[in-house]
Amino acid sequence: MIKISAFSIKILAAVFMVMDHVCYLLMPELVVLHLFGRLSFPLFAWLLAEGEKHTQNVHRYGRRLLITALITQPIYSFVFQSLSLNILFTLFLGLVMLRLVKHYPQLWQQLIIIGLCVAVAESLVLNMEHMELE
């Protein structure tokens, strides 16, 4: 069995992400690069779940993720000419959801948490889309 480290997966996900962004910005007709690029998010999401499971301080982990999201947002907005939030905010919301679901083990509590997170995410998306239309 081949063992792949989390660092190797992180590098692979980053390469896929760069491929996706380059394809989107410079070569939109190369759909195959875009398809490979779409593999980056599931890899980053898996890395986040593993990181949440193994971190010694989830608050510091989340804080670093949120700070990185805030720092990279102006660059993302400029490059993609979009007011939508970058993917790091989605990962941060996923981290919050993971922690809340672990803290509240009953199914009905988890369903409420998931519903609230979906509502927050959707309101952010709708708000950003509304701002772009103006």
Side-chain angles (χ1 to χ4, degrees):
M1 177 181 226
I2 299 173
K3 285 205 165 217
I4 301 174
S5 69
F7 180 75
S8 297
I9 294 171
K10 192 181 302 183
I11 296 298
L12 184 64
V15 167
F16 285 157
M17 179 187 66
V18 169
M19 285 171 58
D20 186 51
H21 291 5
V22 167
C23 179
Y24 179 82
L25 294 169
L26 304 176
M27 301 173 284
E29 67 281 353
L30 287 178
V31 177
V32 71
L33 286 181
H34 186 64
L35 293 174
F36 275 109
R38 298 284 101 183
L39 296 172
S40 63
F41 181 76
L43 293 174
F44 282 128
W46 181 81
L47 288 164
L48 176 91
E50 286 297 303
E52 185 273 337
K53 184 169 42 173
H54 296 292
T55 188
Q56 292 180 3
N57 187 336
V58 73
H59 297 290
R60 187 172 50 212
Y61 186 73
R63 191 169 40 250
R64 281 194 322 257
L65 184 60
L66 184 58
I67 289 169
T68 304
L70 291 168
I71 290 170
T72 58
Q73 184 59 41
I75 299 163
Y76 177 86
S77 294
F78 175 74
V79 169
F80 291 101
Q81 298 295 302
S82 172
L83 294 175
S84 63
L85 297 175
N86 69 54
I87 204 68
L88 294 174
F89 288 100
T90 304
L91 291 171
F92 177 75
L93 187 60
L95 178 65
V96 169
M97 205 163 111
L98 276 172
R99 292 311 288 190
L100 287 172
V101 166
K102 280 187 174 182
H103 187 71
Y104 297 100
Q106 294 185 353
L107 179 61
W108 68 270
Q109 294 169 322
Q110 292 177 354
L111 291 174
I112 290 171
I113 291 164
I114 291 168
L116 289 173
C117 285
V118 167
V120 167
E122 188 63 27
S123 69
L124 288 172
V125 167
L126 290 176
N127 187 33
M128 292 300 165
E129 286 176 355
H130 175 69
M131 290 173 62
E132 285 181 355
L133 293 175
E134 292 178 348

*Asks:* Within a strict 4.5 Å, meaning less than it, do heavy atoms of the L33 and V22 side chains meet?
*Replies:*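 No - every pair of side-chain heavy atoms lies 4.5 Å or more apart.
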*Asks:* Other residues, nucleotides and ligands only: do more than 12 of their heavy atoms fall within 6.0 Å of CZ on F41?
*Replies:*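 Above 12, so yes.
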*Asks:* Taking only residues two or more places apart in sequence or in another chain, which ones pass side-chain contact (heavy atoms from CB on, under 4.5 Å) with F7?
*Replies:* S5, I11
*Asks:* Can you give me the closest heavy-atom contact between C23 and L30, atom names plus distance?
*Replies:*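 So the two residues come closest at SG-O, 2.9 Å.
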*Asks:* Check the hydrophobic clustering (I, L, V, M, F, W, Y; side-chain heavy atoms under 4.5 Å; chains of links allowed) and say if V15 and F36 are grouped together.
*Replies:*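 Shared cluster, yes.
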*Asks:* Kindly give the heavy-atom pair with the smallest separation between S40 and A13, and that separation in Å.
*Replies:*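 Shortest heavy-atom separation between S40 and A13 comes out as CB-O, 3.3 Å.
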*Asks:* Count I, L, V, M, F, W, Y as connected when their side-chain heavy atoms are under 4.5 Å apart, and connections chain through other members. Are M17 and I75 then in the same cluster?
*Replies:*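 Yes; I75 is reachable from M17 via cluster members.
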*Asks:* Under the side-chain contact (heavy atoms from CB on, under 4.5 Å) rule, collect the residues that match up with I4, sequence neighbours excluded.
*Replies:* I2, S8, I9
*Asks:* What residue pairs, at least two apart or across chains, pass salt bridge (Lys or Arg N to Asp or Glu O under 4.0 Å) with a residue in residues 79-94?
*Replies:* none
*Asks:* Taking side-chain contact (heavy atoms from CB on, under 4.5 Å) as the definition, give me every residue that meets it alongside E29, ordered by chain and number, with sequence neighbours left out.
*Replies:* M27
*Asks:* Starting at CG of L93, measure out to CG of L98 and round the result to the nearest 0.5 Å.
*Replies:*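 L93 CG to L98 CG: 10.0 Å, rounded to 0.5 Å.
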*Asks:* Rounded to the nearest 0.5 Å, what separates atom NZ in K10 from atom CH2 in W46?
*Replies:*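 Spacing of NZ (K10) from CH2 (W46) equals 11.0 Å.
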*Asks:* Locate the shortest heavy-atom distance separating I114 from M97; write the atom from each residue and the value.
*Replies:*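 In this case the closest contact between I114 and M97 is CG1-CE, 3.8 Å.
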*Asks:* What residues, two or more places apart in sequence or in another chain, satisfy ring-ring contact (aromatic ring centres under 6.0 Å, His included) together with F16?
*Replies:*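 Not a single residue meets the ring-ring contact (aromatic ring centres under 6.0 Å, His included) criterion with F16.
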*Asks:* Which heavy-atom pair separates V79 from L25 by the least distance, and what is that distance?
*Replies:*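 Scanning both residues completely, I find the closest heavy atoms to be CG1-CD1, 3.4 Å.
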*Asks:* Would I112 and Y104 satisfy side chain to side chain contact (heavy atoms under 4.5 Å, CB included), going step by step from the backbone distance to the final call?
*Replies:* CA-CA 10 Å; I112 290 171; Y104 297 100; over 6 Å; no
*Asks:* How far apart are the closest heavy atoms of P105 and Q110, and which atoms are they?
*Replies:*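 Minimum heavy-atom contact is O-NE2, 3.4 Å.
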*Asks:* Please verify the inter-ring angle class for F80 with H21; under 30° counts as parallel, over 60° as perpendicular, anything in between as tilted.
*Replies:* perpendicular
*Asks:* Does Q73 have any side-chain contact (heavy atoms from CB on, under 4.5 Å) partners at least two apart in sequence or in another chain, and if so, which?
*Replies:* Y76, S77, L85, N86, F89
*Asks:* Identify whether L88 and I67 are in the same connected component of the hydrophobic contact network (ILVMFWY, side-chain heavy atoms under 4.5 Å).
*Replies:* no
*Asks:* Does anything in residues 51-74 pair up under ring-ring contact (aromatic ring centres under 6.0 Å, His included), and if so which pairs, sequence neighbours excluded?
*Replies:*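 Output for this query is empty, none listed.
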*Asks:* Just to verify, what does K102 make a salt bridge (charged side-chain N to carboxylate O under 4.0 Å, His left out) with, not counting sequence neighbours?
*Replies:* E52
*Asks:* Which residues pass the salt bridge (charged side-chain N to carboxylate O under 4.0 Å, His left out) test with K3, not counting sequence neighbours?
*Replies:*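 Scan of K3 (salt bridge (charged side-chain N to carboxylate O under 4.0 Å, His left out), adjacent residues dropped) gives none.
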*Asks:* Please step through side chain to side chain contact (heavy atoms under 4.5 Å, CB included) for the pair F44 and L91, ending with a clear verdict.
*Replies:* CA-CA 8 Å; F44 282 128; L91 291 171; 4.1 Å; yes
*Asks:* Test: salt bridge (Lys or Arg N to Asp or Glu O under 4.0 Å). Region: residues 107-119. Which pairs qualify, not counting sequence neighbours?
*Replies:*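 Pairs touching residues 107-119 that pass the test: none.
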*Asks:* Under 4.5 Å between side-chain heavy atoms, hopping through other hydrophobics if needed: is there a path connecting L111 to W108?
*Replies:*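 No, no single cluster joins them.
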*Asks:* R63: which residues meet the salt bridge (charged side-chain N to carboxylate O under 4.0 Å, His left out) condition with it, sequence neighbours left out?
*Replies:*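 So R63 forms no salt bridge (charged side-chain N to carboxylate O under 4.0 Å, His left out) with any residue.
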*Asks:* I'd like to know if L116 and I113 are part of one continuous hydrophobic network [Ile/Leu/Val/Met/Phe/Trp/Tyr, side-chain heavy atoms within less than 4.5 Å].
*Replies:* no
*Asks:* Do L39 and L12 have side-chain heavy atoms sitting under 4.5 Å apart?
*Replies:* no
*Asks:* Under the rule for ring-ring contact (aromatic ring centres under 6.0 Å, His included), what residues qualify as partners of H34, not counting sequence neighbours?
*Replies:*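 Testing H34 for ring-ring contact (aromatic ring centres under 6.0 Å, His included), a comparison that skips the adjacent residues, returns none.
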*Asks:* Between CG of L66 and CD1 of I71, what distance do you get to the nearest 0.5 Å?
*Replies:* 10.0 Å
